[in-house]
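Notes follow the structure.
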There are 2 protein chains.
Amino acid sequence: MSPDTRRNIVFAAMDLFWLKGFNSTSIADILSRTQIHSGSLYHFFPGKQDVLIAVLETYRDGIGEMLLQPAWSGVSDPIGKIFALLNSYRTHLLTTDCTYGCPIGSLALELHEPDERVRLLMAENFANWVKAIEACLVEAGDRIPRDTDRHALAEFVLTAMEGGIMQARTHRDVAYFDRNVQCLRQYFDMLEERAKPARVH
Amino acid sequence: MSPDTRRNIVFAAMDLFWLKGFNSTSIADILSRTQIHSGSLYHFFPGKQDVLIAVLETYRDGIGEMLLQPAWSGVSDPIGKIFALLNSYRTHLLTTDCTYGCPIGSLALELHEPDERVRLLMAENFANWVKAIEACLVEAGDRIPRDTDRHALAEFVLTAMEGGIMQARTHRDVAYFDRNVQCLRQYFDMLEERAKPARVH
DNA sequence: CCATCATTTGAGCGATCAATCAACACGCTG
DNA sequence: CAGCGTGTTGATTGATCGCTCAAATGATGG
């Protein structure tokens, strides 16, 4: 029952950090969710911060199975995949009455002076997310202008997602997210249109 | 010396909430900054949350003098004002080694279950920011396509700012902010280009 | 000079926090 | 059965939290 203990702690903490944030989640909160006692937790983790690190590592290692695969099931178009991923965040907003958001984004703004390991793990999570979008943009090939920086554009997609969630959460209205996605869509449409007359050269 | 006391508390709290966040700022932190004692603070504020409310009201009432006027001094072009405002956030990032960001955005993601008054004040702050951008877009007139939703575009500018700051902070690199602004700039350029052949109609 | 009220003082309250640790339970190996 | 290492228990610690309140102080008007 010992390998489960660690895993149970991590997943309980993942939920709670997402629900309440890191600082507002007490060790007691995690313990009461798992029927585990404090001694066991501190047997596996030196401190609360190391639980956070394990959570961030779990997010990092599970981005494919937990996030991308569910969002992309049945979607093959590369640009369609980008907006399908955004739509899965929209669904998340809807199912929580616009109260919760991206766990990494929330942590990134909550922790003002994070430990370096924590900061790097958050950065790694963002980087992997961007990398997945960038792969879609590369796959889209010449549907997008040749001189467009795929990496920068992928970062911009992350920005649109995070900013949209922030506003939707604050206003408790998913329409704020939708309007942001609409603007991004128009941006993509114009890029695709600009890429079309490549033969005119 | 009494009207000053309240004011001093608010401004000290404004600084600290911005530096450390709301939850990580203790009443003792505020007191030690102001040489005020706890009894005085609780004479003016029923509780810590009411200090936050006063801070958010101060931001709301001061958006013009504290934020827009400094950013727009010497800038008259409406679209130029939008990017001048973004540039003032960039300067903020630079002068703090990319550690701090938009105080409203940070609070919006830190507080997961905010009091309704707090949430509405954060929403009001966002709305006022967006309104200022929207006014620029309206002022830009037919430089932007007639069918473009000015309000939605202004919200998208807020998103680009917040998302850019989030990534720059997390990576401790202002280049993430710059690339986002670059994308937004391209978006605006394409909109302006699309608005030009209006006479072709 | 007194009365009144707003303001300030600061020790101290109970609650909660992250973290500790001695004692114990269990499974495995010799 | 003995010895040992891994895992578990849960009462307890000291620090810190937001907040209280009786008493002192200061300012204002009659």
Side-chain angles (χ1 to χ4, degrees), chain A residues 1-57 106-107 110-119 121, chain B residues 1-57 106-107 110-119 121:
Chain A
M1 202 188 280
S2 95
D4 279 349
T5 303
R6 206 190 117 100
R7 184 190 153 89
N8 286 341
I9 292 169
V10 171
F11 277 81
M14 194 165 13
D15 254 25
L16 287 164
F17 292 164
W18 178 61
L19 274 167
K20 312 173 53 171
F22 177 72
N23 285 316
S24 297
T25 297
S26 69
I27 299 291
D29 286 334
I30 301 173
L31 300 179
S32 71
R33 273 223 175 186
T34 52
Q35 310 286 13
I36 289 167
H37 300 90
S38 66
S40 282
L41 188 147
Y42 284 98
H43 175 74
F44 290 102
F45 300 97
K48 188 187 178 187
Q49 184 177 241
D50 301 273
V51 179
L52 173 61
I53 289 174
V55 165
L56 289 171
E57 288 172 343
S106 296
L107 287 168
E110 179 190 352
L111 307 172
H112 287 239
E113 287 161 347
D115 180 273
E116 190 67 2
R117 289 173 299 164
V118 171
R119 209 206 86 229
L121 275 167
Chain B
M1 202 188 277
S2 94
D4 279 349
T5 303
R6 205 192 119 98
R7 185 189 153 90
N8 287 340
I9 291 170
V10 170
F11 277 81
M14 192 162 20
D15 253 25
L16 287 163
F17 293 163
W18 178 60
L19 274 166
K20 312 173 53 170
F22 176 71
N23 285 315
S24 297
T25 297
S26 68
I27 299 290
D29 286 334
I30 300 173
L31 301 178
S32 71
R33 273 223 175 185
T34 51
Q35 310 285 14
I36 289 166
H37 300 88
S38 64
S40 281
L41 187 146
Y42 284 98
H43 175 75
F44 291 101
F45 300 97
K48 188 186 176 188
Q49 183 176 242
D50 301 273
V51 179
L52 173 60
I53 289 174
V55 165
L56 289 171
E57 287 171 342
S106 296
L107 287 169
E110 178 190 352
L111 307 172
H112 287 238
E113 287 162 347
D115 181 274
E116 190 68 3
R117 287 173 299 164
V118 171
R119 209 205 87 229
L121 274 168

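First the proteins, then the strands, lettered A, B, ... as listed; each starts at 1.
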When rounded to whole Å, the CZ to P distance for the pair B:Phe44 and C:dA6 reads 11 Å
Measure the distance from CD1 on B:Ile36 to P on D:dC19 and round it to the nearest whole Å. 17 Å
Determine whether a donor-acceptor pair (N or O, by modelled atom type, separation under 3.5 Å) exists between the side chain of A:Thr34 and the backbone of A:Asn8. no
Taking only residues two or more places apart in sequence or in another chain, which ones pass ring-ring contact (aromatic ring centres under 6.0 Å, His included) with A:Phe22? A:Phe17
From the list C:dT8, C:dA18, D:dT6, which nucleotide is the closest neighbour of the side chain of A:His43? D:dT6
Is any side-chain heavy atom of A:Leu19 closer than 4.5 Å to a side-chain heavy atom of B:His112? no
Sequence neighbours excluded, every pair satisfying salt bridge (Lys or Arg N to Asp or Glu O under 4.0 Å) that has a member inside residues 23-39 of chain A: A:Asp15-A:Arg33, A:Lys20-A:Asp29
Looking at every heavy atom in both A:Leu56 and A:Leu107, which two are closest together, and how far apart are they? CD2-CD1, 4.0 Å
Rounded off to whole Å, could you give me the CZ-to-C1' distance for the B:Arg7 and C:dT7 pair? 19 Å
For C:dT8, take OP1 and OP2 only and decide whether either is under 4.0 Å from a side-chain N or O of B:His37. no
For A:Gln35, give me all partners under side chain to side chain donor-acceptor pair (under 3.5 Å), at least two apart in sequence or on another chain. none
Looking at side-chain heavy atoms only, is the closest gap between A:Ile27 and A:Tyr42 below 4.5 Å? yes
Could you note down all residue pairs passing salt bridge (Lys or Arg N to Asp or Glu O under 4.0 Å) where residues 47-56 of chain A supplies at least one of them, sequence neighbours left out? A:Asp50-A:Arg117
B:Leu31 atom CG is separated from D:dC19 atom P, nearest whole Å, by 12 Å
Quick one: B:Asn8 CG to C:dT7 P, roughly how many Å, whole number? 14 Å
Please list, by residue number, the residues of residues 12-30 of chain B whose heavy atoms come closer than 4.0 Å to an atom of DNA chain C; answer none if no residue qualifies. none
Across nucleotides 20-26 of chain C, 5' to 3', mark each nucleotide with B, S or - according to how protein heavy atoms within less than 4.0 Å reach it. BB-----
Please state how far atom CD in B:Gln49 lies from atom C1' in D:dC19, giving the value in whole angstrom units. 14 Å
Test item: B:Phe44 and B:Val10 side chains (from C-beta on) under 4.5 Å apart, heavy atoms: no
